[in-house]
Amino acid sequence: MALPAAFYERDTVTVAKNLLGCLLVHCEETGTTAGRIVEVEAYLRGDPAAHSYRGETKRNSAMFGPAGHAYVYRIYGLHTCVNVVTETEGAGEAVLVRALEPVVGLDLMQARRGTDDPLSLASGPGKLAQALGITMDLNGTSLRDGPLQVRSPANPPELRPEDIVQTTRVGITKAADLPLRFYLKGNRYVSRR
DNA sequence: TGGTTGATTTGCT
DNA sequence: GCAAATCAACCAC
């Protein structure tokens, strides 16, 4: 089921850790695809690596919108990345979803990604967006009642603190030393170890 | 208004 | 290991 607004209206690191194990679901006419979130990164206020660092712009405006909505952006002209907006409206904080373990609609994901290897379907921010068919028109939409949703699994497995690895973020040049990346320990679908 | 830049992926050396 | 692909947004002039 969809998560309550209060889930997102907490400090971003807490939300990031609690998103691990949740499902990211995309429902559309073509079919439904979904995956379990196994890797995330937090982007905070005052964080030089965050898109919100220099204030609100046309591109990052969704990051300053209400918590529980999506911030979707395009990178390198060809890849799309998905964020979960957190904290309070105007904070400019979000969690980047970096990897999924494919759960629903594997055939559709394989067709979109052009590969059969389950380990390559969604093990990266650009890959998972492509696998789920996420496009820029989902930018700013609600993750609680829109076509793209975050849901709690039917039987949430118990997640202990020692099951989560905390380390530095991937692919950034600024604030590269901050330990704001989180992933499920030992999970084979994370983007890199 | 023009030059620069990525929260990436892929394929080739 | 490294470079290309590819473009909208951003920022300095």
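Labels below follow one simple rule: chain letters A, B, ... track the order of the sequence lines, proteins then strands, and each chain is numbered from 1. Side chains are part of it too, since the values below use all heavy atoms of this structure and drop only hydrogens, waters and symmetry mates.
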Quiz prompt | Interface limits on DNA chain C, where chain A has a heavy atom under 4.0 Å of a nucleotide atom | solution =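 For DNA chain C, the relevant span reads C:dA5 to C:dC11.
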Quiz prompt | Interface with DNA chain C, restricted to residues 171-192 of chain A and to heavy atoms under 4.0 Å | solution =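 Heavy-atom contacts with DNA chain C come from no residue of residues 171-192 of chain A; none.
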Self-check item: Intra- and inter-strand pairs of DNA chain C in dot-bracket (Watson-Crick or G-U wobble, both distances under 3.5 Å; | for another strand)
Solution: |||||.||||||.
Quiz item: Are the side chain of A:R10 and the backbone N or O of A:F7 linked by a donor-acceptor pair below 3.5 Å?
Solution: yes
Practice problem: May I ask you to decide if A:M136's main-chain N or O and A:N139's side chain share a donor-acceptor pair within less than 3.5 Å? | Solution: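 Pair absent, no side-chain N/O of A:N139 close to backbone of A:M136.
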Exercise. Any chance you could lay out the side-chain contact (heavy atoms from CB on, under 4.5 Å) test for A:L121 and A:L106, step after step, and finish with the verdict?
Key: CA-CA 9 Å; A:L121 287 180; A:L106 282 278; 3.8 Å; yes
Anything under 3.5 Å between a donor and an acceptor, one on a side chain of residues 13-24 of chain A, the other on a protein residue two or more places apart or in another chain? List them.
unit_1 : atom_1 : unit_2 : atom_2 : d
A:T14  : OG1    : A:D11  : OD1    : 3.3
A:T14  : OG1    : A:D11  : OD2    : 2.4
A:N18  : ND2    : A:T14  : O      : 2.7

Donor-acceptor pairs under 3.5 Å, side chain of residues 63-73 of chain A to any protein atom, not counting sequence neighbours: which ones?
unit_1 : atom_1 : unit_2 : atom_2 : d
A:H69  : ND1    : A:G140 : O      : 2.9
A:Y71  : OH     : A:H51  : ND1    : 2.8

With the threshold set at under 4.0 Å for non-hydrogen atoms, list the residues of [range] touching DNA chain B in residue-number order.
{"range": "residues 78-89 of chain A", "result": "A:H79, A:N83"}
{"range": "residues 94-112 of chain A", "result": "A:L96, A:R98"}
{"range": "residues 114-134 of chain A", "result": "A:G124, A:P125, A:G126, A:K127"}

Exercise. Test the A:R169-A:Y43 pair against the cation-pi criterion, namely NZ or CZ under 6.0 angstrom from the six-membered ring centroid and within 45° of the ring axis.
Key: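 The answer is yes, since A:R169 meets both limits relative to A:Y43.
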Self-check item: Point-to-point distance, once rounded to the nearest 0.5 Å, from CG of A:L138 to CD of A:E28
Solution: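 That separation rounds to 8.5 Å.
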Practice problem: Quick one: pull up CD1 in A:I172 and CG in A:D47 and give me the separation to the nearest 0.5 Å. | Solution: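 Between atom CD1 of A:I172 and atom CG of A:D47 there are 7.0 Å.
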Self-check item: Steps toward side-chain contact (heavy atoms from CB on, under 4.5 Å) verdict (A:L180, A:E41)
Solution: CA-CA 6 Å; A:L180 293 173; A:E41 283 177 2; 5.8 Å; no
Exercise. With P as the reference atom in both, quote the distance from C:dT6 to B:dG2 in angstrom, rounded to an integer.
Key: 23 Å
Quiz item: Looking across every strand, which nucleic acid part, if any, lies under 4.0 Å from A:R59 by heavy atom: base, sugar-phosphate, or nothing?
Solution: sugar-phosphate
Self-check item: Touch class at under 4.0 angstrom, heavy-atom based, for A:M136 against every strand present
Solution: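 The residue A:M136 makes no contact with any strand.
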Practice problem: From the options A:V190, A:I164, A:V165, A:V38, select the one residue that forms a side chain to side chain contact (heavy atoms under 4.5 Å, CB included) with A:K185. | Solution: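 Exactly one candidate clears the test, A:V165.
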Practice problem: Please determine which of A:V85, A:T88, A:V150 meets the side chain to side chain contact (heavy atoms under 4.5 Å, CB included) test together with A:Y8. | Solution: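 Between A:Y8 and the candidates, side chain to side chain contact (heavy atoms under 4.5 Å, CB included) is satisfied uniquely by A:V150.
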Quiz prompt | Least distance between heavy atoms, A:G55 atom then A:N60 atom | solution = O-ND2, 3.0 Å
Self-check item: Partners meeting side chain to side chain donor-acceptor pair (under 3.5 Å) with A:D137 (sequence neighbours left out)
Solution: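 In terms of side chain to side chain donor-acceptor pair (under 3.5 Å), with neighbours along the sequence ignored, A:D137 is linked to A:T135.
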Quiz prompt | A:L159 with A:V84, same ILVMFWY side-chain cluster at under 4.5 Å | solution = yes
Quiz item: What do the steps show when you test A:V95 against A:N83 for side-chain contact (heavy atoms from CB on, under 4.5 Å), and what is the final call?
Solution: CA-CA 5 Å; A:V95 175; A:N83 291 251; over 6 Å; no
Practice problem: Mind running side-chain contact (heavy atoms from CB on, under 4.5 Å) on A:L132 and A:M109 for me, showing each step along the way? | Solution: CA-CA 6 Å; A:L132 294 204; A:M109 294 192 204; 3.8 Å; yes
Quiz item: Strictly by modelled atom types, are A:R113 and A:Q130 linked by a side-chain donor-acceptor pair under 3.5 Å?
Solution: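 Judged by distance alone, the side chains do pair up.
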Quiz item: Who are the salt bridge (charged side-chain N to carboxylate O under 4.0 Å, His left out) partners of A:R188, not counting sequence neighbours?
Solution: none
Quiz item: Between which nucleotides of DNA chain B, read 5' to 3', does contact with chain A run, using atoms under 4.0 Å from its heavy atoms?
Solution: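 For DNA chain B, the relevant span reads B:dG6 to B:dT10.
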Quiz prompt | Pairs satisfying side-chain hydrogen bond (donor to acceptor under 3.5 Å, both in side chains), at least one member in residues 92-101 of chain A, at least two apart | solution =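 Residue pairs with at least one partner in residues 92-101 of chain A: A:T12-A:E93, A:R36-A:E101, A:E39-A:R98, A:R45-A:E93, A:R98-A:S191, A:E101-A:N187.
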Quiz prompt | Test item: A:Q149 and A:L143 side chains (from C-beta on) under 4.5 Å apart, heavy atoms | solution =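 A side-chain contact is absent here, since even the closest heavy-atom pair is not under 4.5 Å.
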